[in-house]
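The structure appears right after this line, and notes come after that.
Only this structure's heavy atoms are used, side chains among them; waters, hydrogens and symmetry mates stay out. Model, not experiment: these values are computed from the prediction.
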Amino acid sequence: MSQQKEHLSIVIASDSYKGSLSSFEVAELMTEGFNRLSKDLNIKSFSIADGGEGTVEALAKENGEIIEFEVTGLFGEKTIGELGKLDDKTCVLETASPCGLNRLKDDQLDPYKATSRGIGEMIVHALDMGFENIYIGLGGSAVNDGGIGLAQALGASLTDINNNDVPYGIDGLKCVANIDTSLLDSRIKNTNFILLSDVTNPLIGINGATFVYGPQKGVPTSELEDIDRYMENYGKLLSKDTGKDIINTTSAGAAGGIGATLIALTNAKIERGIEAIIDLLNIEKFIEKADIVFTGEGRIDGQSINGKAPVGIAKIAKKYNKPVVAIVGSKGEGYENVLDHGIDLVIDLVNQPITLDECIASTPVTLPTTSYMVLKLFDSIIE
């Protein structure tokens with residue numbers, strides 16, 4: 001590396017490679033690769049997320065404190081949920097902890113039983129700790145219960161026609177007939193809730209929670225219409241009790257309808273997840289001074305332009321005309337769309353026929369090597 005570039009400034013801000021590496025681990029492996037070119041680099045790395053899995057880690061791992069609590073898991077078992085303390089008044093939660101898809105294998109999916117109660121219990125813990133500002137990442141959930149479990153955990157009464165408490169999951173959505181929020185935790189009205197969402201889906205309809213995200217959570221295609229009707233009934237009952245029309249509200253369909261319940265029960269403000277995280281971590285000031293920006297995610301495709309982390313980072317980089325490289329686990333259909341949204345180059349780690357498990361296992365080797373090769377090319381171009 002030439003003398004004038006010995007302090008080349010690099011920003012790493014990649015999302016996690018879901019099922020493989022955390023955002024923090026991705027940054028570590030990229031750094032390992034860059035250091036093969038030169039030990040004398042100015043590298044600033046950030047652990048980031050878009051509101052889904054890894055949001056708590058991104059905001060609190062290096063800038064706060066992560067606190068664990070035992071709460072209700074997806075199917076009523078006990079599990080651990082994470083709370084990120086940012087300061088004495090502010091914390092961050094995520095629906096992926098404890099309700100995340102990342103906690104299940106495909107053959108374990110059961111949206112009829114999966115409950116959002118655990119994230120409601122995490123909110124109660126946050127209230128018990130006296131936080132006045134609660135950020136909640138709405139991404140990566142395995143539930144499609146509309147948020148009924150969360151509502152119950154916060155003190156709301158949801159009953160069937162026989163006045164019995166409704167069960168967990170879609171089974172509860174199917175039979176809910178009455179909602180009473182009069183005994184809701186009184187601390188909620190004095191707390192600021194900021195919902196971090198990378199989706200804008202309404203609660204119901206072909207663009208709603210069930211039709212768009214239900215199948216990946218195990219909802220059979222043949223039952224989408226029925227479940228959407230259950231969700232509509234729940235939304236109407238919730239609106240009637242709270243006086244808020246949430247059926248078609250933007251982001252009400254986030255996290256299997258948890259967005260709708262939080263909008264109805266709190267004073268929630270909705271923010272684009274990656275944009276809020278970029279702001280909270282003050283990433284922009286480092287991008288402004290960088291020579292090159294590296295980002296990435298496990299799989300980049302045509303949907304990545306809709307609020308995903310790499311495009312959010314690229315948007316900031318383009319304000320300062322910085323080159324942006326996305327190193328990703330794999331490329332999906334329509335990935336080239338990101339090239340119109342600030343990303344200059346997309347490099348994937350798959351260079352031969354390979355299974356998903358083999359790809360994941362090889363990432364600790366392929367990611368540093370690919371990072372080294374890309375930076376070496378960049379270095380030769382600017383000499």
Side-chain angles (χ1 to χ4, degrees), residues 9-35 41-63 94 96 102 137 139-140 196 198 273-278 280-284 286-287 290-301 303-318 322-332 335 338-339 341-350 359-360 362-375 378:
S9 181
I10 299 169
V11 166
I12 304 171
S14 172
D15 202 348
S16 63
Y17 288 12
K18 291 178 176 58
S20 176
L21 300 170
S22 69
S23 176
F24 181 81
E25 290 169 330
V26 171
E28 282 192 320
L29 290 172
M30 285 188 181
T31 299
E32 178 186 325
F34 298 151
N35 284 335
L41 299 170
N42 181 12
I43 301 174
K44 179 62 179 179
S45 63
F46 296 90
S47 180
I48 63 169
D50 54 24
E53 175 190 351
T55 297
V56 169
E57 180 183 66
L59 290 175
K61 184 177 180 67
E62 295 184 3
N63 303 284
E94 62 183 59
N102 60 305
L196 306 180
D198 64 346
I274 183 58
E275 293 176 358
I277 289 172
I278 287 173
L280 286 166
L281 294 177
N282 202 16
I283 297 175
E284 183 167 347
F286 293 94
I287 290 178
D291 294 304
I292 184 170
V293 176
F294 284 85
T295 186
E297 61 182 333
R299 178 180 174 83
I300 198 165
D301 57 28
Q303 295 301 311
S304 295
I305 64 174
N306 298 320
K308 295 300 184 181
V311 170
I313 291 296
K315 180 180 178 182
I316 299 298
K318 287 308 150 185
K322 305 297 182 179
V324 180
V325 177
I327 300 179
V328 301
S330 65
K331 294 182 287 194
Y335 82 89
V338 304
L339 301 177
H341 292 265
I343 294 177
D344 299 295
L345 178 66
V346 178
I347 301 291
D348 65 25
L349 303 181
V350 180
C359 182
I360 290 173
S362 65
T363 302
V365 174
T366 57
L367 181 51
T369 299
T370 302
S371 301
Y372 161 74
M373 293 174 64
V374 172
L375 188 62
F378 177 80

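Summarising the geometry, atom OH belonging to Tyr17 is positioned 4.5 Å from atom CG belonging to Leu367; distances are rounded to the nearest 0.5 Å. Interatomic distance, Ile300 CD1 to Ile327 CD1, rounded to the nearest 0.5 Å: 11.5 Å. In this structure, Ser23 OG and Lys61 NZ are separated by 10.5 Å, a value rounded to the nearest 0.5 Å. Note that the CG atom of Asp15 and the CD1 atom of Ile48 stand 6.0 Å from one another [nearest 0.5 Å]. Interatomic distance, CG of Leu349 versus NZ of Lys331, reported as 10.5 Å (0.5 Å rounding). With values rounded to the nearest 0.5 angstrom, Phe286 atom CZ is found 9.5 Å from Ser9 atom OG.
Smallest separation of non-hydrogen atoms from Ala317 and Val293: CB-CG2, 4.2 Å. Listed here is the closest heavy atom pair of Val365 and Thr369: O-OG1, 3.0 Å. Contact detail for Val56 and Glu94: the closest heavy-atom pair is N-OE1, 2.8 Å.
No hydrogens or angles considered: nothing links the side chains of Ser16 and Glu53 as a donor-acceptor pair under 3.5 Å.
No side-chain donor-acceptor contact under 3.5 Å links Glu57 to the backbone of Gly54. A donor-acceptor pair under 3.5 Å is formed between the side chain of Asp50 and the backbone N or O of Gly52. Remark: side-chain polar atoms of Thr295 are paired, donor with acceptor, to backbone N or O of Ala13 under 3.5 angstrom.
The side-chain heavy atoms of Ile278 and Ile287, taken from C-beta on, include no pair separated by under 4.5 Å. Ile313 is not listed as a side-chain neighbour of Phe46, based on a closest heavy-atom distance of 4.5 Å or more. Proximity of Thr363 to Leu21: side-chain heavy atoms (C-beta onward) are separated by under 4.5 Å at one or more points.
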Practice problem: Report the C-alpha separation of Val324 and Lys318 in whole Å, then their side-chain angles, then the decisive distance to 0.1 Å, and conclude whether the side-chain contact (heavy atoms from CB on, under 4.5 Å) test is met. | Solution: CA-CA 8 Å; Val324 180; Lys318 287 308 150 185; 4.1 Å; yes
Quiz item: After noting the C-alpha distance and the side-chain angles of Val325 and Phe378, does the key distance pass the side-chain contact (heavy atoms from CB on, under 4.5 Å) rule?
Solution: CA-CA 10 Å; Val325 177; Phe378 177 80; over 6 Å; no
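Looking at Asp344 and Lys322, no side-chain N of the basic residue comes within less than 4.0 Å of a carboxylate O on the acidic one, giving no salt bridge.
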